[in-house]
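Reviewing the structure listed below.
On a predicted model such as this, the values are computed, not experimentally measured, just so you know.
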Amino acid sequence: MSAQTDGGWAMPAASEELQNYYTVLGLSYSASIVEIRKAYWEFSKRYHPDTTNLPSDLAKEKFQEVKEAYGILSDPRQRAIYDQQLRFYQQKIYEHQLRQGLASNRAYARPSSQSSSLEPVDRPLSAGEISALFFMAITVLGCIMLAIAIAVIRGDTAFQTVSCLCLPPG
């Protein structure tokens, strides 16, 4: 569990593990605020001490985890800080595994990104991004073809060949 300091969330001590709020709410790292609210609603009903069949202590603990996760992930500023700390924490784990020689084992391999919010380089392009790139390429080609067409129609000298240089008589 992490402690809050100066409006941000401090990294846990070396012996602690960083609570993954996305896992607590069963969300991907790219979850929208609507998905976060929906997950919070479902889990809070499931673990609320008044509405669950779980033992009171366990229900209270789970409900507190869900509340804490929602509190961080529903606030864009706190979520950005948390995501940055989560990336840093995952990198430190990976570096530790490399030093221990465990990273080659598949069970200890570097955690892959589940969304664009943590590792934008590691994810494939979405359909929207591909279509945007396609339209940009078409636009650039259209502009080049338009410039060439205008130059040909106007008869600019850039496209005319010069057969010889002649000096004026005299």
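Residue pairs that meet the ring pair (Phe, Tyr, Trp, His ring centres under 6.0 Å) test with at least one member in residues 50-79, sequence neighbours left out, are Y40-Y70, H48-F63.
At least one side-chain heavy atom of L86 sits less than 4.5 Å from a side-chain heavy atom of Y22. When side chains are defined from C-beta on, V140 counts as touching I144, because their heavy atoms get closer than 4.5 Å.
Residues that satisfy the side-chain contact (heavy atoms from CB on, under 4.5 Å) test with E61, not counting sequence neighbours, are E65. Under the salt bridge (charged side-chain N to carboxylate O under 4.0 Å, His left out) criterion, K92 pairs with E95, not counting sequence neighbours. L133 is linked by a side-chain contact (heavy atoms from CB on, under 4.5 Å) to L125, M136, counting only residues two or more places apart in sequence or in another chain. Every residue meeting the side-chain contact (heavy atoms from CB on, under 4.5 Å) condition with S32, not counting sequence neighbours, appears here in chain and number order: V34, E35.
Geometrically, R79 does not engage Y82 in a cation-pi contact defined by less than 6.0 Å to the ring centre and at most 45° from the axis.
Here the CG-CG distance, from L27 to N20, works out to 10.0 Å after rounding to the nearest 0.5 Å. I72 contributes atom CD1, which lies 8.5 Å from atom CD1 of I81 (distance to the nearest 0.5 angstrom). Taking OG1 from T51 and CZ from R46, the interatomic distance works out to 10.5 Å, rounded to the nearest 0.5 Å. The structure places CG of D83 at 7.5 Å from CG of L73, a figure rounded to the nearest 0.5 Å. One distance of note links CD of Q91 with CZ of R87; it measures 11.0 Å at 0.5 Å rounding. The distance from atom OG1 of T139 to atom CG of L146, rounded to the nearest 0.5 Å, is 12.0 Å.
Other members of the hydrophobic cluster containing F134, listed by chain and number, are F135, I138; membership follows side-chain contacts under 4.5 Å among ILVMFWY residues, whether direct or relayed. Listed by chain and number, the hydrophobic cluster partners of L141 come to none, as no ILVMFWY side chain reaches under 4.5 Å of it.
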